[in-house]
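A quick write-up on the structure given underneath.
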Amino acid sequence: MNLLQVENIYEEFPPILGEDDVIALDTELSGLKEEQLHRPHGKLASLAGSFDGKNAYIIFDDAQIQEFLDRCSKATWIFHNSTFDLAHLRRWATIPERKNMRDTMLIEKLLYSNYYDDFALADLVRRYLKCYMSKETRKEFHNLEGAMSPDQIKYAALDVIGTWLVDKEQQKIVEPQDMKIWNGMYNPHVWTALELGGFNLDVEAWTRLAEKNQAIVSQAEDELGQLYGHMDKKFVGRGKAKAEVDYFVPFNPASPQQVLELFRSNGIDTESTGDKEVSKFADNPIVRKILDYRIAAKRVNTYGLPYLQYVEPDGKIYTSLNISQAETGRDSSSAPPLQNILKDIEYRKCFIAGKGRKLTIYDYSGQELNEVAYVTQDPKLIEIVNSGKNAYIEIARMSFNEIVEKGNPRYIIIKGLVLGTCYGLTPYGLARDNNVSQEVAEEMYKIFFDDFQVLAAWVKDQQKFNRGITKTILGRKGGLHPYNAQWKNNALNNPFQGSGGDMIKLAMKAFRNTDMYKQYYPTRDVYMVIQVHDELIINWREDLAEGGAKVHASCMNDVANRMHPGIISRVSGGICDNWSEKG
DNA sequence: GACGAGGGCGCC
DNA sequence: AAAGGGCGCCCTCGTC
């Protein structure tokens, strides 16, 4: 395979470009912390551009960025992973919002989500150009002090050459529908994600929770360590002084191997020590102790003091919202993660609006089931979700002749059955997870599918054969790999999860287009905080929250109602001082 | 000591 | 034979 080539590297501004020009841009920074690439830190190493796929223009001084970009302002901009570049370039230049922008990484995900696993520029260069790109030089940027070496300059130049050429090839194969989705959803969403304004964290309260759980963990470790440890022998000393001594090895409750051994030696017949597997033994005091230990250990290790490293001098944490990270097209959040914070009220209380501020927090009610109803067009399910009543209580009443209450065991198993059938859950899995017999689970399946025949037919059809592709409600594609044994489950789940991913992106975009947002965002009297798949959190100057809440809720509902006509969208939530007030 | 797979569990 | 989807991040454990 050939190496990617660059003809000339000009260490100067590019010429002034016109509307028909296409320029690939790439920013290199030095002194970056790997996990915090989305935060404004590090120094500019270079800004490079290429508008012909042969020659590169490169500058090294951040004071020159504005002029460099101004010269390209009319052209179409191409990035590979634009969120990174735009977040940093905006530190040094004013960049007006633009429609003529493409991102080779995100467009590749539009084309080949769940088909390819790799979306780095080098992977695209290999696939589209049959060329090889060295990754070696890139690592050295992080420690760069002083001027870039000739190799590094060449690397930066090759990045834009590769991006420009890949975009050209990509544009030959994208369909109008793909670019419609890009322009309507992804392109603006890049900007939306950049504008997440951070979440205020109550550090004192968080610290108290960490300390409380640390005490539980320490006590459990001592107790379990002594109770279930064992004696071992080892040699100490050398030569004549060498001697074998006995010593005590404490039991480590964090070790799956040791826990499994302990369970088995106490007559607990299990293959795995995971909480789902051993839930039926939860009455056993040893099992209970381990499970309790794990809950506290999770709070200490994942949601304890280490989490505070992400609090910045202004008292806020700024997550990285990774656009379309999931194969289904959902976003993910990392460093710090904000989409998997404990639901526990004491923890949610730590995420606060701040002085003189309010949060509006809304989530879609029964979003997933609404999508199931729309996609399958099951008339009975449509009627139930549109009734506004709790769908699982209704299904229990109508199909199973049972009166259940939210949260009781029958409610949980029926909810599991209804949602699970749309993820590929089998009677075996339903029986295992809910501690009922397989016969009972099979009977429940039969009743449900007999009652919702249109849904059942849809499930059957999706799994009839591997079509190689799934589509969201908007027509966004997801691959079904022919050799992945999970394809039957993905064939069911992708349309629902993917449509949800599309919906929240569009809601964020719609919110940015409101008058209130346009008026008050520039002064940060309003800003988005985080999106959690079916939930959106927005921070307001206190006096704006009342009107803002209406705008927030209607943006979400309008998007959903446009996406699935015939299904009535509802959101729940309101104005809050902290995240705990809306569960 | 670094790395990656795997178990486990937090959220949707 | 396996047995519900998507993530991020912690720990252990085997390997280099």
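Order of the sequence lines fixes the chain letters, A, B, ..., with proteins taken first and strands second; residue numbering starts at 1 for each chain.
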Contacts of type ring pair (Phe, Tyr, Trp, His ring centres under 6.0 Å), residue A/F84, not counting sequence neighbours: A/H88
Mapping A/T328 and A/P336 onto DNA chain C by nearest heavy atom, which one lands closer to the 5' end? A/T328
To the nearest Å, give me how far apart CD1 (A/I345) and P (B/dC11) are. 14 Å
Quick check: does any side chain N or O of A/Y318 sit under 3.5 Å from a backbone N or O of A/E312, one acting as donor and the other as acceptor? no
Could you tell me the boundaries of the chain A footprint on DNA chain C, defined by atoms under 4.0 Å from its heavy atoms? C/dA3 to C/dG14
I need the minimum non-hydrogen distance between A/C350 and A/A205, along with the two atoms involved. SG-CB, 3.8 Å
Measure from CE on A/M556 to P on B/dC12 and round the result to the nearest Å. 13 Å
Measure centre to centre between the rings of A/W206 and A/F351, then say whether the value is under 6.0 Å. yes
Is there any salt bridge (Lys or Arg N to Asp or Glu O under 4.0 Å) pair reaching into residues 220-229 of chain A, and which pairs are they, with sequence neighbours excluded? A/E223-A/K289
Non-neighbouring partners of A/Q438 that pass side-chain hydrogen bond (donor to acceptor under 3.5 Å, both in side chains), sequence neighbours left out: A/E442
Atom of A/R348, atom of A/I341 and distance for their closest heavy-atom approach: NH2-O, 2.9 Å
Aromatic centroids of A/W579 and A/F199 separated by under 6.0 Å: yes
Summary of side-chain hydrogen bond (donor to acceptor under 3.5 Å, both in side chains) pairs that have at least one residue in residues 417-430 of chain A, sequence neighbours excluded: A/E368-A/Y423
Atom pair distance, as rounded to whole Å: CG in A/L260 and C1' in B/dG6: 14 Å
Knowing that exactly one of A/R264, A/Q257, A/R294 qualifies, which makes a side-chain hydrogen bond (donor to acceptor under 3.5 Å, both in side chains) with A/T273? A/R294
Could you tell me the separation between the NE2 atom of A/H533 and the P atom of B/dG10, rounded to a whole number of Å? 16 Å
To the nearest 10 degrees, what angle separates the axes at the start and end of the helix from B/dG1-C/dC16 to B/dC12-C/dG5, five pairs each? 10°
Specify the separation, in whole Å, of atom CD of A/E535 and atom P of B/dC12. 7 Å
Specify the closest pair of heavy atoms between A/D433 and A/K276, including all atoms of both residues, with the distance to one decimal. OD2-NZ, 3.5 Å
Please classify the nucleic acid contact of A/Q367 as base, sugar-phosphate, or nothing, using heavy-atom distances under 4.0 Å. nothing
Whole-Å distance between B/dC11 P and A/W579 CH2? 11 Å
Classify the nucleic acid contact of A/E368 as base, sugar-phosphate or nothing, counting any heavy atom under 4.0 Å across all strands shown. nothing
Could you give me the CA-CA distance, side-chain angles and deciding distance for A/Y374 and A/W458, then say whether ring-ring contact (aromatic ring centres under 6.0 Å, His included) is met? CA-CA 11 Å; A/Y374 179 76; A/W458 183 87; over 10 Å; no
By a strict heavy-atom criterion of less than 4.0 Å, which residues belonging to residues 420-435 of chain A are in contact with DNA chain C? A/G420, A/Y423, A/G424, A/L425, A/T426, A/Y428, A/G429, A/R432, A/D433
Per nearest nucleotide of DNA chain C, the residue lying toward the 5' end, A/N340 or A/P256, is A/N340
Listed partners of A/Y362 passing ring pair (Phe, Tyr, Trp, His ring centres under 6.0 Å), at least two apart: A/H552
Of residues 486-505 of chain A, the positions that come close to DNA chain C - non-hydrogen atoms, cut-off under 4.0 Å: A/Q486, A/N489, A/N490, A/N493, A/Q497
Near-strand residues of residues 212-228 of chain A, defined as heavy-atom separation under 4.0 angstrom from DNA chain C: none
Please list, by residue number, the residues of residues 262-301 of chain A whose heavy atoms come closer than 4.0 Å to an atom of DNA chain C; answer none if no residue qualifies. A/K276, A/K298, A/N301
Between OH of A/Y307 and C1' of B/dC11 the distance, given in whole Å, is 12 Å
Could you list the donor-acceptor pairs under 3.5 angstrom formed by side chains in residues 450-457 of chain A, with sequence neighbours left out?
from   : atom 1 : to     : atom 2 : distance (Å)
A/D450 : OD2    : A/K446 : NZ     : 3.1
A/D451 : OD1    : A/K380 : NZ     : 3.3
A/D451 : OD2    : A/K380 : NZ     : 3.1
A/D451 : OD2    : A/S399 : OG     : 2.5
A/Q453 : NE2    : A/D450 : O      : 3.2

